[in-house]
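A, B, ... follow the sequence lines: proteins, then strands. Residue 1 opens every chain. This is a predicted model, so every value here is computed, not measured. Because only heavy atoms are used, hydrogens play no part in the values below, and waters and symmetry mates are left out as well, while side chains stay in.
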There are 2 protein chains.
Amino acid sequence: MQDLHTEQNRQANIEEAIVSGVLSARIRPGTRLSENQLATLFGVSRTLVREAMMRLETRGIVQVSPRRGWFVVEPSAEEAMTVYAARRVIESGLLRGMRGLTDEGRKVLAAHLDEEKAAMAAGDRRRLTCLMGDFHIRIAELHGNPILVEIMRDLTARTILISMLYQSEFHAAQSHRGHCRIFAAMAKGDFVRAAELSIEHLDEVETGLDLTARADPLSDLRLSLSLPADTAPKTSRRSGARKT
Amino acid sequence: MQDLHTEQNRQANIEEAIVSGVLSARIRPGTRLSENQLATLFGVSRTLVREAMMRLETRGIVQVSPRRGWFVVEPSAEEAMTVYAARRVIESGLLRGMRGLTDEGRKVLAAHLDEEKAAMAAGDRRRLTCLMGDFHIRIAELHGNPILVEIMRDLTARTILISMLYQSEFHAAQSHRGHCRIFAAMAKGDFVRAAELSIEHLDEVETGLDLTARADPLSDLRLSLSLPADTAPKTSRRSGARKT
DNA sequence: CTTTTCCTGCTTGTATGCAAGATTTACATA
DNA sequence: TATGTAAATCTTGCATACAAGCAGGAAAAG
């Protein structure tokens, strides 16, 4: 996380630094990404920053508001559902298409689940968020298809942003149990069941979101001032949350 | 294809012009894409061209060879198999997850299959290539998930490049029959069957490829000189499908 | 005739400069 | 005090300039 600009492949480093920041829940949705600041931070000119932003934009992780700035995406409720739907399709297809589980793969998953348990015991929510996403990337890696791994990584990044926006309370235990069930089915070689479980799991997680929370961009402010939900004065300027 | 640079959104136009060129099989794999040429062609500076190339690179459609140039990707045999595997996962997941087929959807697909038949009758291979890919994009569109549509579009682009490299003879009739079978299952509401059929279909198409053809980049040359397959002198440079 | 070396032209890589729009601040005014 | 307006200050958008590396050919050497 420190020597990310090692004079070599600097643009790719900017890109990956931001992705990893999102994947580890260190960068919040709506965060402003100033070209100038990133440029000085990485010791390069705006050009390289710009190119990294372009790439991240096609990956659905950042967004540009013309002449205003670059921002980490803040998925709407609708987009959130789209992301989960896409994940259901891909992950169930992934699991159902699996032939078998190697010993190596079994070890990797078991170790991962242990990590989840440890993080849960430690109550490290950020680490948990990260791990919960990683589980699904691991499965894609097990499948051995680099294209699907890339797709899953980007979808996971968006999922984490979604959970930061809409997840009021963290049902970590429930998610962990879901992962364990999927792993158990895989270990038994029952990939059809594993696929079904993955769909159920994603449904559970999606249901756990409060997708009405951010529908009103003033909700946090209103909440923190304990105002009623209905009286919406025409306060002109936008609150902190960006939206295109 | 002509008024693609209408003074507005010029960078997106460059990107989409190239994607649509690939999707319609008008741009061959390995085609060189000179920043300067594209810049003058679209009446912009290299900067915008470059940004479009960056985006296309993350979409897996072009590739840069450092200080040598940008080229439309030439998927290796291994990459080709990866693309087909990814498509099997996504498309089967897509179909299996479908609830039902609207009358609208039924019409769209039926019309598409008619187009395929017409193109087959006319013997228009380029149009057929395009249509065969489009069928799968249509299915994704029917599912209504924009993320999956985007993914499928990019995978289809790569698939078309693959078929231009490795498809010695075009089993159009076979593919068409496959599409018809998938549609029939969907029309009956049997999406599980449709998913199975899509996997079979993709298997068939992949089997129809000659994935050893381009494994050796000199194969065409060797073949046309009727040299034995084994004596491989270390001639370095790529076979060079250049295009200006 | 073959091999090596150098040189010229062409490619991308990166930084920088300027223009144009958006936002905020300052300020005059009712 | 509230409010509308203008200027100052940010931001990105795009073009251009120059650096650096690769490729191919010409010329020199063997």
Phosphate contact (D/dA15 OP1 or OP2) by B/Ser45 side-chain N/O below 4.0 Å
yes

Nearest to the side chain of B/Leu48 - D/dA15, C/dT12, D/dT11?
D/dA15

Can you check the B/Met54 CE to C/dT14 P distance for me, whole Å?
8 Å

Under the rule for side chain to side chain donor-acceptor pair (under 3.5 Å), what residues qualify as partners of B/Arg59, not counting sequence neighbours?
B/Glu15, B/Glu16, B/Asp154

Whole Å only: how far is the CD atom of A/Glu35 from the P atom of C/dC18?
18 Å

Go through the structure and list residues passing salt bridge (Lys or Arg N to Asp or Glu O under 4.0 Å) with B/Glu116, not counting sequence neighbours.
none

Between the protein and nucleotides 19-21 of chain D, list the N/O to N/O atom pairs that are separated by less than 3.5 angstrom.
residue, atom, partner, partner atom, Å
D/dA20, N3, B/Arg67, NH1, 3.2

Rounded to whole Å, how long is the line connecting atom CZ of A/Arg32 with atom C1' of D/dT12?
10 Å

Are more than 12 heavy atoms, taken from residues, nucleotides or ligands other than A/Glu150, located less than 6.0 Å from that residue's CD atom?
no

Contacts of B/Asp124 meeting side chain to side chain donor-acceptor pair (under 3.5 Å) (sequence neighbours excluded), chain-then-number -> none

Which residues satisfy the side chain to side chain contact (heavy atoms under 4.5 Å, CB included) test with B/Glu204, sequence neighbours excluded?
B/Gln174, B/Arg181

Assuming nearest nucleotide by heavy-atom distance, tell me which of B/Thr47 and B/Asn36 is located more 5' along DNA chain C.
B/Asn36

Nucleotide D/dA23, atom C1' - distance to CZ of B/Phe71 in whole Å:
12 Å

The side chain of A/Trp70 is closest to which nucleotide in this list: C/dA15, C/dT12, D/dT12?
D/dT12

A/Gln63 CD to D/dT12 P, in whole Å, measures 15 Å

Kindly indicate whether the side chain of B/Cys130, heavy atoms from C-beta on, has any atom under 4.5 Å from the side chain of B/Leu23.
no

A/Arg158: which residues meet the side chain to side chain contact (heavy atoms under 4.5 Å, CB included) condition with it, sequence neighbours left out?
A/Val83, B/Ile147

Just how far, in rounded Å, is C1' of C/dT11 from CE of B/Met53?
14 Å

Can you tell me the distance, in whole Å, between the CZ atom of B/Arg46 and the P atom of C/dT11?
10 Å

Rounded to whole Å, please give me the gap between CD in B/Glu51 and P in C/dT14.
14 Å

